[in-house]
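None of the values given here were measured: they were computed from a predicted structure. Every heavy atom of this structure was used, including side-chain atoms; hydrogens, water molecules and symmetry mates were not.
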Amino acid sequence: MCHDYVHTCGLPVEESHDRSWNDCYDFLVKCLPTEDEYQNFHLIFEFLMSESLKRADVILLTHNKVVSLEFKEKYRVKKDDLAQAAGYGQSISHYHYLTGEKNMKVLRYLVYTPGNPKGNHDFVDILCPENFTQTIKDILDSEVPMSDEQCEDWIESPFQPLKNMADATLQLFRDGDLPNIKSIREGEIQKTLDRINNVIDDQNISKSIIFVSGVPGAGKTLVGLKTVYDHGRPGEEWNPVYLSGNDPLVNILQNTLSTNHVDLEGSSYIQEMKVFKGKYGSSNATTPHNDIIVFDEAQRAWDTDRREPDQTEATILLRIGDRIAREHGKVTIVCLIGDGQAIHVHEETGMYIWASALAGRNDWNVYIPERYADLFNSSPCCNPLPELTLDTSIRNDFIDVSPWVEAIIDLDFDKAKKLYQEMLGKGFKCWYCRDRVKLPKIVEFVNENYPGSHTGIVVSSHGRATPFGERYKGSYVKAKEAYNWYVNEGPHLTRGASEFLIQGIELEYPIVTFVGDYYIQNGKWALDPKATFNAAIQDREKIIKNVYRVLLTRSRKGMFLYFPHDPKLDETFQWFANMLQI
């Protein structure tokens, strides 16, 4: 039955699958509890998680619990198996609609049919012939079976994994909604949107500026795009606009909308900051008819302007807002900010230029995350609000990689190892290699096992080495080529994406490469004195740390780490290899 079912799903069926199903069947016949009180509970075989092609071996359902059982005919615990079982549980917990709606508890187990396996398995529970029967009895104690109809409803319930930024934008502008995920509808993001909408709808406030901060992958861009979409008024004179200094992201979002034949009016809401500033920034320019301005990655606002050296991007945007308020009567600026992401000259001052621009301005109502209260204490109308901080990363299946990345930047080995084990226990996995010939095999592996996923080389722009073969053309990708790299070129490994292209973009399985501009030497990070930097950059150590923060937080599902065969990288490779081993 399993063979025929999987075959009718259009998926390959190998002889190894038949062996595994027979082994699973024999085990269950022998080990399932046989008492009458357990006979009405449902087992689901080969539960297909739509849009991901993941298939859970066996699901045991009760009225309140989902038990995922992943079977292995092995004698040793493997890291891949742990990540697989953990990932299934994570996906069902967060993306299966009925499970979330009913607040069902999700349990996940690895079942080793030959007997108790060898190996470390502290963060995923292991079952075997010796403990399987009693464990199932304990799970089912005081539980009520589902009816056949309820079981069928659960099987047919929507399975809605969070889309990447491009696909989420497409869904928003095509269908008018974000992915229907419980944590978005009822969690931090909705509370943030509600707070923004309250300010926008308050007609007693003429000029307001709202700052929203969050960890990488927390959904700040989704908040901005959703705000623009919800308040859009097609055909009317005044409309919101989404601005970003990240030109590649703008290119990808605009092309995603146009190539999928979505109303091109949607893409007109998404613009490059430099184009907007060039058109409306000067004191004698016309006034844009945008009563709501969303500025993404506002922490990267420049501390000087080419045409007006005494002005910053913050003062220019406020000046534009002043003109909008005079003409329209009301303006709201929403600034989306992330810390530790300055990667270019003039971006190093971060939030200080906003605090300076708003100091003494009692005509602007300022709404900030609570952590910035001291920084903005010179703003007379300042309102610190907890709803303006997004602490939960949703990019990596709700696995926050930021603390792990910070431990790496701090070279805190024990903390990084512990955090990685916790991440692995939720389904996030890293692979690592030193051999260049494996890079095409990585792409092949991703295509075969994770169809539809994006991959490609992600690399610092400051390194001099290009250890990717003769076909490699470097990491410089123009902003107007970003969509083509993201969709077509990346997997061919002919060009990489530097921090400038990749910031704000997500890849399911990036190949993050260390090229020797920043490496571990004698237990400390060392900056290559020959690394290439813009001469105007003051704090190179700060910039290079931010570069690797960006590179290491671009993944959505997992990450490949590549350390070329350069003796300078030996210690770096060994540090990561030891940290990632369990």
Against the six-membered ring of Phe573, is Arg434 placed for a cation-pi contact (under 6.0 Å from the centre, within 45° of the normal)?
yes
In sequence, state the C-alpha distance, the side-chain angles, and the governing distance for Val547 and Val550, and then conclude on side chain to side chain contact (heavy atoms under 4.5 Å, CB included).
CA-CA 5 Å; Val547 166; Val550 169; 5.9 Å; no
Within the distance-only criterion (no hydrogens, no angle test), does the side chain of Asn578 pair as donor or acceptor with the backbone N or O of Gln574 below 3.5 angstrom?
yes
Do you see a donor-acceptor pair shorter than 3.5 Å between the side chains of Tyr518 and Glu541?
yes
Donor-acceptor pair, Trp354 side chain versus Ala298 backbone, under 3.5 Å?
yes
Under 3.5 Å, is there a donor-acceptor pair between the side chain of Gln271 and the main chain of Val241?
no
For the side chain of Ser93 and the backbone of Gly89, is there at least one donor-acceptor N/O pair under 3.5 Å apart?
yes
Does a sphere of radius 6.0 Å around NZ in Lys418 hold more than 12 heavy atoms from other residues, nucleotides or ligands, not counting ones at 6.0 Å or beyond?
no
To the nearest 0.5 Å, what is the distance between CG on Leu419 and CD on Glu406?
11.0 Å
Ionic contact status for Glu272 with Lys277, cut-off 4.0 Å:
no
For Ser208 and Trp364, the nearest pair of non-hydrogen atoms, with its separation, is O-CZ3, 3.4 Å
State, to 0.1 Å, how close Leu501 and Ala482 come at their nearest heavy-atom pair, and which atoms those are.
CD1-CB, 3.5 Å
Heavy atoms, side chains only, cut-off 4.5 Å: are Val401 and Met559 in contact?
no
Any donor-acceptor pair under 3.5 Å from Lys417 side chain to Gln581 backbone:
yes
Apply the test side chain to side chain contact (heavy atoms under 4.5 Å, CB included) to residues Val228 and Ile292: give CA-CA distance (whole Å), side-chain angles for both, the deciding distance (0.1 Å), then the verdict.
CA-CA 8 Å; Val228 168; Ile292 299 169; 5.7 Å; no
Hey, could you give me the CD/NZ distance between Glu444 and Lys438, rounded to the nearest 0.5 Å?
14.0 Å
Lys191 vs Glu387, test: salt bridge (Lys or Arg N to Asp or Glu O under 4.0 Å). Steps then yes/no.
CA-CA 6 Å; Lys191 292 176 182 177; Glu387 299 92 338; over 6 Å; no
Hey, could you give me the CG/CD1 distance between Asp194 and Ile189, rounded to the nearest 0.5 Å?
12.0 Å
Have Arg549 and Asn546 got a donor and an acceptor in their side chains that come within less than 3.5 Å?
yes
Taking Met104's backbone N and O only, do any of them form a donor-acceptor pair with Thr99's side chain (distance below 3.5 Å, no angle check)?
no
Identify the residue among Phe560, Tyr562, Tyr548 that makes a ring pair (Phe, Tyr, Trp, His ring centres under 6.0 Å) with Phe514.
Tyr548
Against Thr227, only a single residue in Ile196, Thr332, Ile210, Leu222 fulfils side chain to side chain contact (heavy atoms under 4.5 Å, CB included); can you say which?
Ile196
N/O donor-acceptor pair under 3.5 Å between Ser460 side chain and His462 backbone:
yes
Please find the pair of heavy atoms, one from Pro564 and one from Pro467, that lie closest to each other, and give the distance.
CG-CG, 3.2 Å
Looking at Tyr242 and Gly224, what are the two nearest heavy atoms and their distance?
CD1-C, 4.5 Å
Would you confirm whether Tyr509, through its side chain, and Phe445, through its main-chain N or O, come within 3.5 Å as a donor-acceptor pair?
no
Over 60° means perpendicular and under 30° means parallel, so tell me whether Tyr372 and Phe376 are parallel, tilted or perpendicular.
perpendicular
When you check the gap from the basic side-chain N to the acidic O, do Lys415 and Asp410 get nearer than 4.0 Å?
no
Between CG of Leu249 and CD of Gln254, what distance do you get to the nearest 0.5 Å?
10.0 Å
Taking Leu551's backbone N and O only, do any of them form a donor-acceptor pair with Glu499's side chain (distance below 3.5 Å, no angle check)?
no
Residue pair Leu390 / Lys220, side-chain heavy-atom distance below 4.5 Å:
yes
Less than 4.5 Å apart, side chain to side chain, heavy atoms only: is that true for Val77 and Val124?
no
Is there a donor-acceptor contact under 3.5 Å from the side chain of Glu297 to the main chain of Ser244?
no
Is the closest side-chain heavy-atom distance between Val459 and Tyr472 below 4.5 Å?
yes
In short, Leu439 meets Cys433 closest at the heavy-atom pair CD2-SG, 4.5 Å
Can you list the steps and then say if Val223 with Val334 is a side chain to side chain contact (heavy atoms under 4.5 Å, CB included)?
CA-CA 10 Å; Val223 166; Val334 180; 5.6 Å; no
What residues, two or more places apart in sequence or in another chain, satisfy ring pair (Phe, Tyr, Trp, His ring centres under 6.0 Å) together with Phe413?
Trp575
For the residue pair Phe428 and Trp404, does the interplanar ring angle fall in the parallel (under 30°), tilted (30 to 60°) or perpendicular (over 60°) class?
perpendicular
Supply the atom-to-atom distance Asn197 CG to Asp230 CG, rounded to the nearest 0.5 angstrom.
6.5 Å
Does any non-hydrogen side-chain atom of Ile408 lie less than 4.5 Å from one of Phe576?
yes
Do Leu561 and Leu552 have side chains that get closer than 4.5 Å, going by heavy atoms?
yes
So, taking the atom named CE in Met351 and the one named CD1 in Ile337, what distance separates them when rounded to the nearest 0.5 Å?
3.5 Å
Steps toward side chain to side chain contact (heavy atoms under 4.5 Å, CB included) verdict (Ile209, Leu317):
CA-CA 11 Å; Ile209 183 166; Leu317 198 58; over 6 Å; no
Are side-chain heavy atoms of Ile502 and Leu507 found at a separation under 4.5 Å?
yes
Hey, is CG on Asp374 packed in by over 12 heavy atoms from elsewhere, all under 6.0 Å?
no
For Phe276, which residues count as a ring pair (Phe, Tyr, Trp, His ring centres under 6.0 Å) partner, sequence neighbours excluded?
Tyr280
Pro510 to Ser555 - nearest heavy-atom pair and separation:
CD-CB, 3.4 Å
Going by heavy atoms in the side chains, are Tyr88 and Arg108 under 4.5 Å from each other?
no
